[in-house]
**Q** 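Got a structure here, written out as structure tokens. Questions coming.
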Amino acid sequence: MRIPNGRLLIRIAIIPLGIALLAWIPGSISGTKRHQPSALRATPSAPQSSTPAPTPSYPVVAAPAQQRTALNIVVLDPAHGGTDPGARGAQGIRESDLVLDLTLQVRRALEAQGFQVLQTRTGNENPSFDDRSTLANAQRGAVFVTLHISSTGLPGTARVYSMPESTSAFSTSGILNWDHAQAPYVSLSRKFGDAVQGQLAQKFKGSPNNSQPAAIRQLRTTAAPAIAVEICSVSVQDRTDIDRMMPAVGDAVARGVAAFRPSYVLPGEAGLQP
């Protein structure tokens, strides 16, 4: 039969070709899956081992440091200095010179106990009373110790003084007058003084067992537990008698500060007032 239109012949030829192609595609896809690379095939689960997997290495975080108690700083005040030599002995001994050497011994003993030490002077200068107090009042968690050599008294003994109880009668509420800065600390200062005096009494025969009250100018304006330590005396014939006392005085002060430490609380802590 004659086909008048060539395009009809092409269409008839395409139809069997399409049917064959549809039949071939599923088989081709199935074959592709069977021949996937091993890297793409599902990996069978490995048998469980009785040995635990190693723990990953993590950075080691240090435990927080234990907080120190409130008392960390000791302010040492070598009395006098500059144009004020303090007490003078018959042999030309000057208190202002001796207390610098005494301060060095006390400082060494305190630092050995782990305390930070500040000094109101390190040379032959004479800071004002207010300047000395300012150094102590600027610290948090501090005590103040002013060091003296007496002009009289039983040689080879040592005494500690703190402000009398009457000082605490001043109001401690609101803004405290600079001249009464010691008022909130009188009881703590007495306890501090007793701790140091007890140590001195063990080392120097004839020294009292407890601290004594005295209205000492340098203590009045100090807003911290504050004491004066005085050793006897510039009246000795030989300065070496005083020099030999100094290391033991330093050790007694350091032990006294350490013994007092648990009793000290910072002003302003909830439920705790000096």
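Source: prediction; values computed, not measured.
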**Q** Does the Ser189 side chain pair with the main chain of Ala226, one donor and one acceptor, at a distance under 3.5 Å?
**A**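 Yes, because the side chain of Ser189 sits within donor-acceptor range (under 3.5 Å) of the backbone of Ala226.
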**Q** Side chains of Leu118 and Leu135: closer than 4.5 Å at any heavy-atom pair?
**A**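 Side-chain contact under 4.5 Å: yes.
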**Q** Please list all pairs passing the ring pair (Phe, Tyr, Trp, His ring centres under 6.0 Å) test where one or both residues lie in residues 225-262, with sequence neighbours left out.
**A**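 Only Phe192-Phe260 qualify under ring pair (Phe, Tyr, Trp, His ring centres under 6.0 Å).
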**Q** Quick one: does any side-chain atom of Arg132 pair with a main-chain N or O of Asn126 as donor and acceptor, under 3.5 Å?
**A**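 Checked: no pair found.
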**Q** Taking C-beta and beyond as the side chain, do Tyr161 and His148 meet within less than 4.5 Å on heavy atoms?
**A**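 With C-beta onward as the side chain, the pair stays apart.
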**Q** Compare all side-chain heavy atoms of Asp101 with those of Arg239 and state whether any distance is below 4.5 angstrom.
**A**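 Answer yes - side chains close enough.
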**Q** With a 6.0 Å cut-off (strictly less than), is the heavy-atom count around CZ of Arg88, excluding the residue itself, greater than 12?
**A**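 Not buried by this count: 12 neighbours or fewer within 6.0 Å.
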**Q** Does Gln199 use its side chain to pair, donor to acceptor, with the backbone of Ala195 at less than 3.5 Å?
**A**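 Checking the backbone N and O of Ala195 against the side chain of Gln199, no donor-acceptor pair under 3.5 Å is found.
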**Q** Would you say the side chain of Gln116 lies within less than 4.5 Å of the side chain of Ile73, judging by non-hydrogen atoms?
**A**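 Heavy-atom side-chain distance check passes, below 4.5 Å.
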**Q** Taking the side chain as every heavy atom from C-beta outward, state whether Met246 and Asp243 have any atom pair closer than 4.5 Å.
**A**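 Touching, per the 4.5 Å side-chain cut-off.
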**Q** For residues Val99 and His80, determine if any side-chain heavy atom of one lies less than 4.5 Å from a side-chain heavy atom of the other.
**A**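 Sidechains of His80 and Val99: no contact.
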**Q** Is the count of non-hydrogen atoms from other residues, nucleotides or ligands lying under 6.0 Å from Lys191 atom NZ greater than 12?
**A**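 No, not enclosed.
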**Q** With ring pair (Phe, Tyr, Trp, His ring centres under 6.0 Å) as the rule and sequence neighbours excluded, what pairs involving residues 218-240 come up?
**A**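 Matches after skipping sequence neighbours: none remain.
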**Q** Filter on ring pair (Phe, Tyr, Trp, His ring centres under 6.0 Å), then keep only pairs touching residues 201-253, sequence neighbours left out; what's left?
**A**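 Every pair satisfying ring pair (Phe, Tyr, Trp, His ring centres under 6.0 Å) with a residue in residues 201-253: there are none.
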**Q** Which residues pass the salt bridge (Lys or Arg N to Asp or Glu O under 4.0 Å) test with Arg94, not counting sequence neighbours?
**A**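 Listed in chain order: Asp97.
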**Q** Whether the side chain of Ser211 engages the backbone of Val160 through a donor-acceptor N/O pair (distance < 3.5 Å, no angle test) should be reported.
**A**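 No, Ser211 side chain to Val160 backbone: no donor-acceptor pair under 3.5 Å.
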**Q** May I have the list of side-chain donor-acceptor pairs in residues 227-236 shorter than 3.5 Å, sequence neighbours left out?
**A**
from   : atom 1 : to     : atom 2 : distance (Å)
Ser233 : OG     : Ser235 : N      : 3.2
Ser233 : OG     : Ser235 : OG     : 2.5

**Q** Any donor-acceptor pair under 3.5 Å linking the side-chain atoms of Thr103 with those of Gln119?
**A**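 Checked: Gln119/Thr103 side chains show no N/O donor-acceptor pair below 3.5 Å.
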**Q** Between Val145 and Val106, does a side chain to side chain contact (heavy atoms under 4.5 Å, CB included) hold up when you go through it step by step?
**A** CA-CA 10 Å; Val145 181; Val106 176; 5.9 Å; no
**Q** Any salt bridge between Arg217 and Asp130, counting N to O under 4.0 Å?
**A**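 Result for this pair is yes, salt bridge flagged.
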**Q** Taking atom CZ of Arg255 as the centre, report whether more than 12 heavy atoms of other residues, nucleotides or ligands fall under 6.0 Å from it.
**A**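 Check fails, neighbour count at 12 or below.
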**Q** Do the side chains of Phe144 and Asn137 get nearer than 4.5 Å, heavy atoms only?
**A**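 Asn137 vs Phe144: side chains apart.
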**Q** How about Thr120 and Val75: do any of their side-chain heavy atoms sit closer than 4.5 Å?
**A**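 A side-chain contact exists here, since the closest heavy-atom pair is under 4.5 Å.
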**Q** Does any N or O in the side chain of Asn124 come within less than 3.5 Å of the main-chain N or O of Gly82, such that one atom is a donor and the other an acceptor?
**A**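 Side chain of Asn124 to backbone of Gly82, a donor-acceptor pair under 3.5 Å: yes, one is there.
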**Q** Can you tell me how far the CE atom of Met245 sits from the CG atom of Leu102, to the nearest 0.5 Å?
**A**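 Between atom CE of Met245 and atom CG of Leu102 there are 9.0 Å.
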**Q** Going by the ring pair (Phe, Tyr, Trp, His ring centres under 6.0 Å) test, which pairs reach into residues 212-233, not counting sequence neighbours?
**A**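 Passing the test, one end in residues 212-233: no pairs.
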